[in-house]
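Structure first, then comments.
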Amino acid sequence: MSDVSSTKKAPPAVLQQPAAQPAKKKFFASKQEKISSLLFLGVSVAYVKFVLFGLSYPFAEWSMVLFLFVFFAVVEISARLCKVAFSKESAFWAVAMLAIAVGTTMQNNEWVLGAYGWILLHLTAAQFALTRLGGAAESKAGSLIPFDFVRAWFILPFSNFLRNIQVLCYGIKLPRKFSRSKEWLWVAMGLLLALPLLLWSFSTLVQADKIFEHTMGRWGYWLSQWSPLEMLSQWFDFYSLVLYGFFWCWFYGLFYGAFHSKENTNRLKTQEIYSFLEKIRQFPGKVFAIPVVLLAALYLLFFVSQLQYFTGGFLGVLPQKYTVAEYARQGFFELLRIASVNLGVLVVCQKLARNGMENSRVLRWFAMVLMACNLLFVAIASSKLGLYISCFGLTPKRVLAAYAIVVVALWSVLAMVRLLRPFRVAEVAIHLAALLFCLLCWLPWNQWIQENPRHSTVESTEIYYGQIDPNF
């Protein structure tokens with residue numbers, strides 16, 4: 001009897017079914033969103049006519065103010081229609097937006113602030129829309145506000161660029177068969193579409209041919225001058241219509257993207273960003289203490305070696321081979337470079353150090369030394385700019401330079417306080433910079449600049465060394 005090894009048959013392989021993909025959410029547009037789409041069409045018309053083309057006298061100076069009030073009203077109405085909860089942060093940005101526009105116009109500071117005021121005004125308007133519609137990265141201003149600016153200007157509007165057309169067309173179904181009782185409606189619609197075309201063609205023919213104009217007599221002249229298209233030609237010419245369409249898509253794309261941002265599962269969420277920062281926060285404080293200490297020592301050596309150069313602004317004496325303009329300009333950009341490096345080092349240390357900067361005594365105190373260096377360079381840049389203004393008076397760029405110096409000083413002080421006592425320093429810093437700019441817009445810089453013109457005479461070769469350059 002032969003031993004036959006019994007072999008068990010392997011069970012049939014179970015085929016693993018692929019994981020079910022979540023069903024794609026169907027598009028839906030409510031009546032409130034359709035109303036908002038039409039409201040933002042009005043915003044686009046106001047932006048093109050008020051901001052890009054400008055109003056005629058005497059409302060030309062108030063073009064931006066009128067547009068921003070229209071923008072504020074439409075965003076607020078749309079948010080209330082769609083039942084978006086009110087936030088205090090949106091109220092802050094609304095007040096800042098309107099205060100900058102009204103203050104700049106009332107004090108005639110448009111030429112003083114220039115392009116910087118125009119850019120900051122658009123940034124505050126975009127941030128107001130995001131916070132009011134619930135699409136901001138954080139409920140309060142924080143370190144992710146640059147990400148909000150990029151989303152508000154590019155990502156949200158262009159990712160939902162033609163959403164206004166889709167919203168308006170949603171739910172419209174044309175009947176397959178038309179009843180005879182409603183044929184008069186289609187006839188009326190055809191006449192309504194034909195009337196503007198006929199009036200435009202008639203006015204064009206009258207203006208093009210003198211014989212036809214003479215044949216039509218007074219009726220031809222009246223229709224050519226007072227036809228609806230002729231009266232609205234300034235508002236609805238070809239280029240204006242193209243701009244209306246573009247900005248309508250842009251403004252409503254911003255609204256739709258901000259309103260539906262929480263429903264978008266593919267977007268980068270705030271919690272994911274902070275969780276990623278927590279994962280990479282694994283470096284011991286000693287790793288950052290060494291470069292911070294060396295950087296502070298380098299600043300001390302640099303300041304001691306250039307003591308006469310730095311103190312010239314306090315003493316009213318220029319170093320050789322420098323004009324007043326070169327001396328002030330170099331001091332200002334030195335401050336910006338050094339402050340950017342020091343504040344950047346603090347942010348990197350805080351985000352990457354394992355226990356943060358407040359739990360490392362060496363790192364904390366030498367970081368305060370870096371902020372003290374910021375304040376030292378603030379004092380030096382202020383003395384140089386003060387010497388420059390005393391010599392040649394105020395100009396728009398010198399006003400903005402003084403604002404930047406004050407902001408750097410306040411941010412450095414806030415960073416020092418944050419090292420001693422934790423609080424939401426980014427929120428306070430952003431709000432403080434915005435409030436200072438609002439104050440800057442309400443001060444009569446235009447009047448002060450005209451009352452204090454530049455000096456044109458050279459009084460002392462010790463102070464005004466070399467060729468004088470009044471442009472800064």
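Excluded from the calculations below are hydrogen atoms, water molecules and symmetry mates; all remaining heavy atoms, backbone and side chain alike, are included. Everything numeric in this text was worked out from a predicted model, so none of it was measured. Index from 1, following the sequence.
The minimum heavy-atom distance linking Tyr327 with Lys384 is given by the pair O-CD, 3.4 Å. Residue Ala136 comes nearest to Thr131 through the heavy atom pair CB-CG2, 4.0 Å, listed as atom of the first residue, atom of the second, then distance. Closest approach of Val167 to Ala29, counting heavy atoms only: CG1-CB, 3.9 Å. Contact between Ser261 and Arg151 at its shortest, heavy atoms only, is CB-NH2, 4.0 Å. Minimum heavy-atom separation, Phe128 to Phe71: CD2-CE2, 4.1 Å. Of all the heavy atoms in Ser36 and Tyr252, the pair that sits closest is C-CE1, 3.9 Å.
Side chain of Trp445 to backbone of Asn109: no donor-acceptor contact under 3.5 angstrom is found. Ser159 places a side-chain N or O within donor-acceptor distance of the main-chain N or O of Leu156, the cut-off being under 3.5 Å. Judged purely by atom type and a 3.5 angstrom limit, Glu33 uses its side chain to pair as donor or acceptor with the backbone of Ser30. A donor-acceptor pair is defined here as one N or O able to donate and one able to accept, closer than 3.5 Å; such a pair exists between the side chain of Thr124 and the backbone of Leu121.
Taking the six-membered ring for Trp and thresholds of 30 and 60 degrees, Phe255 and Phe259 have nearly parallel ring planes, at less than 30 degrees apart. A tilted orientation is assigned to the rings of Trp118 and His122, their planes being inclined by 30° to 60°.
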Point to revise | Derivation and outcome, side-chain contact (heavy atoms from CB on, under 4.5 Å), residues Met371 and Leu346 | key: CA-CA 9 Å; Met371 294 300 100; Leu346 255 67; 3.8 Å; yes

Practice item. Report the C-alpha separation of Arg132 and Ser78 in whole Å, then their side-chain angles, then the decisive distance to 0.1 Å, and conclude whether the side-chain contact (heavy atoms from CB on, under 4.5 Å) test is met. Key: CA-CA 10 Å; Arg132 185 62 186 93; Ser78 300; over 6 Å; no

Check your understanding: Passes side-chain contact (heavy atoms from CB on, under 4.5 Å), Ile35 versus Leu39? Steps please.
Key -> CA-CA 6 Å; Ile35 296 174; Leu39 291 176; 4.2 Å; yes

**Study point:** side-chain contact (heavy atoms from CB on, under 4.5 Å) evaluation trace for Asn446 with Gln450
**Key:** CA-CA 6 Å; Asn446 185 32; Gln450 293 179 359; 3.3 Å; yes

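Other residues, nucleotides and ligands place more than 12 heavy atoms under 6.0 Å from the CZ atom of Phe161. Atom CH2 of Trp250 is surrounded by more than 12 heavy atoms from other residues, nucleotides or ligands within 6.0 Å. The environment of CZ in Arg80 is sparse: at most 12 heavy-atom neighbours from other residues, nucleotides or ligands sit within 6.0 Å. In this structure, Lys140 places its NZ atom where only 12 or fewer heavy-atom neighbours from other residues, nucleotides or ligands lie under 6.0 Å away. Atom CZ of Phe423 sits in a crowded spot, with more than 12 heavy atoms from other residues, nucleotides or ligands closer than 6.0 Å. Heavy atoms of other residues, nucleotides or ligands lying less than 6.0 angstrom from OH of Tyr116 number 12 at most. Counting non-hydrogen atoms of other residues, nucleotides and ligands closer than 6.0 Å to CH2 of Trp153 gives a total above 12.
Interatomic distance, Tyr403 OH to Leu443 CG, rounded to the nearest 0.5 Å: 12.5 Å. Note that CG of Leu81 is 14.5 Å distant from NZ of Lys34, once rounded to the nearest 0.5 Å. In this structure, CZ in Phe149 is found 4.0 Å from CD1 in Ile145, a value given to the nearest 0.5 Å. In this structure, CH2 in Trp248 is found 4.5 Å from CG in Asn164, a value given to the nearest 0.5 Å. Here the straight-line distance linking atom CD1 of Ile405 with atom CZ of Phe377 works out to 13.0 Å at 0.5 Å rounding. To the nearest 0.5 Å, atom NE2 of residue His431 and atom CZ of residue Phe92 are 4.5 Å apart.
In this structure the side chain of Phe53 reaches within 4.5 angstrom of the side chain of Leu243, judged on heavy atoms. Here the side chains of Thr395 and Ile449 are not in contact, with every heavy-atom distance at 4.5 Å or above. You'll find the side chain of Phe251 stays beyond 4.5 Å of the side chain of Val74, heavy atoms only. Using a 4.5 Å heavy-atom cutoff, the side chains of Gln127 and Asp148 are in contact. Between Thr104 and Ile100 the shortest side-chain heavy-atom distance falls below 4.5 Å. Leu41 places a side-chain heavy atom less than 4.5 Å from the side chain of Ser44. Contact check for Leu52 versus Phe67: no side-chain heavy atoms found under the 4.5 Å cut-off. Looking at heavy atoms from C-beta onward, Met64 lies out of side-chain contact with Glu110 at the 4.5 angstrom threshold.
Applying side chain to side chain contact (heavy atoms under 4.5 Å, CB included) to Asn342 and the options Val292, Leu370, Val408 leaves one that passes, Leu370. Under the ring pair (Phe, Tyr, Trp, His ring centres under 6.0 Å) test applied with Tyr47, the options Phe40, Phe247, Phe246, Tyr244 reduce to a single match, Phe247.
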